[in-house]
Amino acid sequence: MDKVLNIIKNDPWLEPYADAINGRHQHVVEKEKELVGKKTLSDFATGHMYFGLHRTDKGWTFREWAPNATEIYLVGDFNDWQEKPAFRMKRVRKTGNWEINLPEKAMKHGDLYKLKVYWEGGCGERIPAWATRVVQDEQTKIFSAQVWNPEKPYKFKKKTFTPNVAPLMIYECHIGMGQDAEKVGTYNEFRENVLPRIAKDGYNCIQIMAIQEHPYYGSFGYHVSSFFAPSSRFGTPEELKQLIDTAHQMNIAVIMDIVHSHAVKNEVEGLGNFAGDPCQYFYQGGRREHPAWDSLCFDYGKNEVIHFLLSNCKYWLEEFHFDGFRFDGVTSMLYYSHGLGEAFCNYGDYFNGHQDDNAICYLTLANRLIHEVNPKAITIAEEVSGMPGLAAPFEDGGYGFDYRMAMNIPDYWIKIIKERRDEDWKPSSLFWEVTNRRKDEKTISYCESHDQALVGDKTIIFRLIDADMYWHFKIGDENGVVERGIALHKMIRLLTASTINGGYLNFMGNEFGHPEWIDFPREGNGWSYKYARRQWNLVDNPDLCYHYLGDFDEAMVKLIRSVKNIQKSDVIEVWHNDGDQILAYRRKDLVFVFNFNPTRSFADYGFLVPRGAYDVVLNTDNKQFGGFGFSDDSLRHFTCADPLYAKDKKEWLKLYVPARSAVVLKRVKD
């Protein structure tokens with residue numbers, strides 16, 4: 001009991017809920033014993049090695065879990081899509097599994113196939129649930145599974161890789177929209193054209209969206225149909241492996257957005273009604289459908305579903321060498337309400353019986369499995385309710401995620417940009433928002449992700465500048481709106497990135513203020529790819545202001561990474577004055593000074609810091625970043641003694657702080 005209550009020791013407000021916390025912990029302990037017996041979770045999570053299509057020494061073996069089926073045939077190119085006796089599967093005795101063994105010549109690499117499934121009162125074609133390769137016909141738009149057995153499977157050049165999390169700097173990206181051209185980009189194009197940019201910018205991790213196969217491109221990959229198949233829109237499994245291997249050679253970790261919170265409703269392509277049982281994989285009754293997402297909710301209480309999902313985690317880690325996952329939609333999993341319409345105002349809201357203990361158990365098991373398979377793996381929870389313990393160790397009573405997304409921060413930036421005049425931005429509130437987190441849980445801080453870039457919303461740069469980006473973003477032609485936007489874009493990023501306690505995330509292109517929104521091809525826009533791409537030519541153009549923001553982001557990331565484990569150091573407030581709109585804080589030998597005042601610059605503004613000499617290492621007002629260059633950053637700053645603070649070994653650091661700018665200084669070692 002003592003170990004379990006460590007999260008309570010860290011937060012006395014949890015004391016009244018000790019029984020619930022311990023109960024959830026015991027649920028996981030008991031479920032793990034039930035599933036694995038004397039073995040391990042890794043031994044258990046091997047469904048992908050049993051189910052699906054496998055090449056054997058004797059030929060081919062195919063298995064599927066379909067307890068409600070009465071007959072199943074393999075149909076495909078190899079038998080003219082006809083139900084033939086030689087391709088009729090047999091039920092494995094006393095199970096819901098079906099199996100067939102075929103000679104080597106029965107099928108070949110590249111053949112398309114499906115299952116023809118019969119059940120009481122009906123039948124239908126289905127794509128195997130464990131299919132590892134699914135392709136879409138360009139003309140008919142029909143999806144089929146594909147036999148994937150290349151003569152030369154990809155061999156990883158970098159056998160082992162350890163992510164650099166000191167700190168973790170994540171570049172969130174999407175393969176298909178990663179190119180300038182109005183089309184779907186490929187794994188190879190991303191590897192050749194985008195990875196070098198990410199490496200140059202200094203990010204040490206990419207988080208790839210839309211990897212699992214999804215029927216509708218515009219779903220951004222969040223309506224998954226085939227959980228074990230990397231999306232064939234972008235290329236082959238071998239090309240994805242090469243991308244990951246190349247990233248590792250560049251010392252860049254690769255994590256994927258994994259979607260286990262729901263599944264697409266589709267029946268022919270997905271799991272919606274696999275063998276005449278709409279609830280084979282999903283909850284029954286009113287809990288089956290997600291009311292807001294038009295999708296289906298997994299039944300995390302079924303051992304077979306846990307087996308499917310845990311095997312999915314292990315598959316991506318071992319087969320593709322992914323370094324971990326960002327779990328999508330965790331809030332939706334945690335609550336019967338999916339978090340909809342709930343305020344989450346106090347701790348009681350996390351322990352009032354509205355939580356899905358099955359889902360909590362699954363998420364905890366998933367974290368235990370992932371770290372068993374790869375102790376260095378990274379797991380991140382996208383969770384908005386603030387569930388305590390989510391990113392705390394299992395041994396302490398937590399769910400075992402390494403990080404949780406700091407989803408309050410982007411919401412806050414949007415709110416103040418929309419609702420407050422610049423004169424009303426209070427540094428005390430800004431500082432509170434970017435540092436408000438549980439001490440025992442690491443977070444991923446970010447100003448904006450893909451969520452803020454989708455059609456119907458606006459990126460930070462567009463909220464700040466709007467239409468003037470089209471007319472006044474050429475160097476030398478900036479107006480006051482553009483100058484304000486460029487200045488605040490840099491300050492917002494610096495404040496967010498420099499106060500991390502875990503990691504920082506940027507969405508592809510936002511580092512240079514990519515204009516406009518993301519809008520995938522759809523009927524409403526004439527199936528256009530105009531907004532489903534990244535216009536790298538903008539940041540590459542030396543005549544446009546975009547490169548100012550891109551250059552600043554590169555310098556900022558380099559600075560943060562230059563201090564090893566800066567995320568573990570204390571963020572110590574030095575000073576704030578909401579009237580002046582001045583904020584200062586320090587981390588190790590770095591001092592960060594912000595002046596959010598839109599009109600007032602301050603000369604000889606004093607801050608009490610450890611005595612010594614300080615050099616400027618980053619200045620948002622530098623001309624190379626689109627600033628005015630009002631300060632001479634080559635000057636070394638020396639502190640001034642004050643007998644009142646001698647005992648604290650602090651002295652006055654007096655600076656000229658221009659309006660709407662931020663500067664970072666580093667203490668020079670004696």
Side-chain angles (χ1 to χ4, degrees), residues 24 27 172 207 209-212 214 216 218-225 227 256-266 270-272 278-279 281-302 305-306 308-310 312-313 325-345 349-367 379-391 398-401 403-408 410-411 441 443-444 446 449-452 454 456-457:
R24 290 175 185 176
H27 183 186
E172 184 186 32
Q207 175 184 308
M209 309 171 65
I211 289 295
Q212 295 167 295
H214 45 290
Y216 180 47
S219 75
F220 229 142
Y222 292 121
H223 275 192
V224 174
S225 53
F227 287 79
M256 68 176 275
D257 257 6
I258 197 165
V259 184
H260 285 179
S261 47
H262 62 137
V264 74
K265 277 184 173 180
N266 298 35
L271 307 174
C279 300
Y281 285 92
F282 307 107
Y283 277 127
Q284 299 194 17
R287 296 185 61 197
R288 181 174 181 267
E289 295 194 21
H290 195 295
W293 294 350
D294 192 34
S295 55
L296 305 178
C297 302
F298 284 109
D299 183 346
Y300 305 104
K302 265 188 185 176
V305 173
I306 295 176
F308 179 79
L309 296 175
L310 289 181
N312 193 236
C313 294
F325 308 98
R326 178 263 206 185
F327 277 75
D328 176 68
V330 170
T331 304
S332 175
M333 299 170 71
L334 294 178
Y335 303 95
Y336 294 133
S337 67
H338 307 295
L340 302 172
E342 300 212 33
F344 302 108
C345 297
D349 294 336
Y350 306 116
F351 304 100
N352 57 8
H354 296 177
Q355 296 73 38
D356 184 347
D357 284 346
N358 292 333
I360 290 172
C361 180
Y362 165 68
L363 287 168
T364 311
L365 288 172
N367 276 290
T379 58
I380 304 169
E382 188 229 13
E383 205 283 309
V384 72
S385 78
M387 171 67 79
L390 193 67
Y399 303 172
F401 283 97
Y403 306 89
R404 65 191 309 156
M405 303 291 289
M407 300 183 74
N408 60 301
D411 289 347
E441 298 188 56
T443 60
I444 301 296
Y446 61 109
S449 67
H450 71 274
D451 284 328
Q452 286 74 41
L454 288 168
D457 207 337

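These values consider heavy atoms only, across backbone and side chains, with no hydrogens, waters or symmetry-generated copies.
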Applying ring pair (Phe, Tyr, Trp, His ring centres under 6.0 Å), name anything that partners [X], two or more places apart in sequence or on another chain.
X    : value
Y283 : none
F325 : none
H214 : none
F401 : F327

Can you tell me how far apart [atom1] ([X]) and [atom2] ([Y]) are? Round to the nearest 0.5 Å.
X    : Y    : atom1 : atom2 : result
M256 : R326 : CE    : CZ    : 11.5 Å
E342 : N352 : CD    : CG    : 6.5 Å
Y350 : I360 : OH    : CD1   : 12.5 Å
K265 : R288 : NZ    : CZ    : 8.0 Å
C345 : D349 : SG    : CG    : 6.0 Å
L363 : M333 : CG    : CE    : 4.0 Å

If you take all heavy atoms of [X] and [Y], which pair is closest and at what distance?
X    : Y    : result
A366 : L310 : CA-CD2, 3.5 Å
L340 : A292 : CD1-CB, 3.9 Å
S385 : Y335 : OG-OH, 2.7 Å
E382 : G329 : OE1-N, 2.7 Å
G398 : T364 : O-CG2, 4.1 Å
S295 : A263 : CB-O, 3.2 Å

Evaluate the side-chain proximity of [Y] to [X]: yes if any heavy-atom separation is below 4.5 Å, no if none is.
X    : Y    : answer
Y216 : V264 : no
E383 : Y399 : no
C279 : D299 : no
N358 : H27  : yes

Test side-chain hydrogen bond (donor to acceptor under 3.5 Å, both in side chains) applied to [X] - qualifying residues, sequence neighbours left out:
X    : value
H338 : S332
Y300 : none
H260 : N312, Y362
D411 : none

**Q.** Side-chain donor-acceptor pair present, N367, T379, cut-off under 3.5 Å
**A.**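 The criterion, which ignores hydrogens and geometry beyond distance, is satisfied for T379 and N367.
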Q. Is there a donor-acceptor contact under 3.5 Å linking the side chains of Y222 and D257?
A.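 A donor-acceptor contact under 3.5 Å links the two side chains.
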Whether [X] side chain and [Y] backbone form a donor-acceptor pair below 3.5 Å:
X    : Y    : answer
S261 : D328 : yes
Q284 : P278 : no
Q355 : G353 : yes
Q212 : V259 : yes
H223 : G218 : no

Q: Report the C-alpha distance between L296 and E289 in whole Å, list the side-chain angles of each, state the deciding distance to 0.1 Å, and finish with yes or no for side chain to side chain contact (heavy atoms under 4.5 Å, CB included).
A: CA-CA 5 Å; L296 305 178; E289 295 194 21; 3.9 Å; yes
[X]: partners by salt bridge (charged side-chain N to carboxylate O under 4.0 Å, His left out), with sequence neighbours left out:
X    : result
D451 : none
E441 : R404, R438
R24  : D357

(Q) Can you list everything that forms a side chain to side chain contact (heavy atoms under 4.5 Å, CB included) with V384? Sequence neighbours excluded, please. (A)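 Side chain to side chain contact (heavy atoms under 4.5 Å, CB included) list for V384, sorted by chain: T331, M407.
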Q | F298 and Y281 aromatic ring geometry - parallel, tilted or perpendicular at 30°/60° bounds | A |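 Perpendicular, since the angle between the ring planes exceeds 60°.
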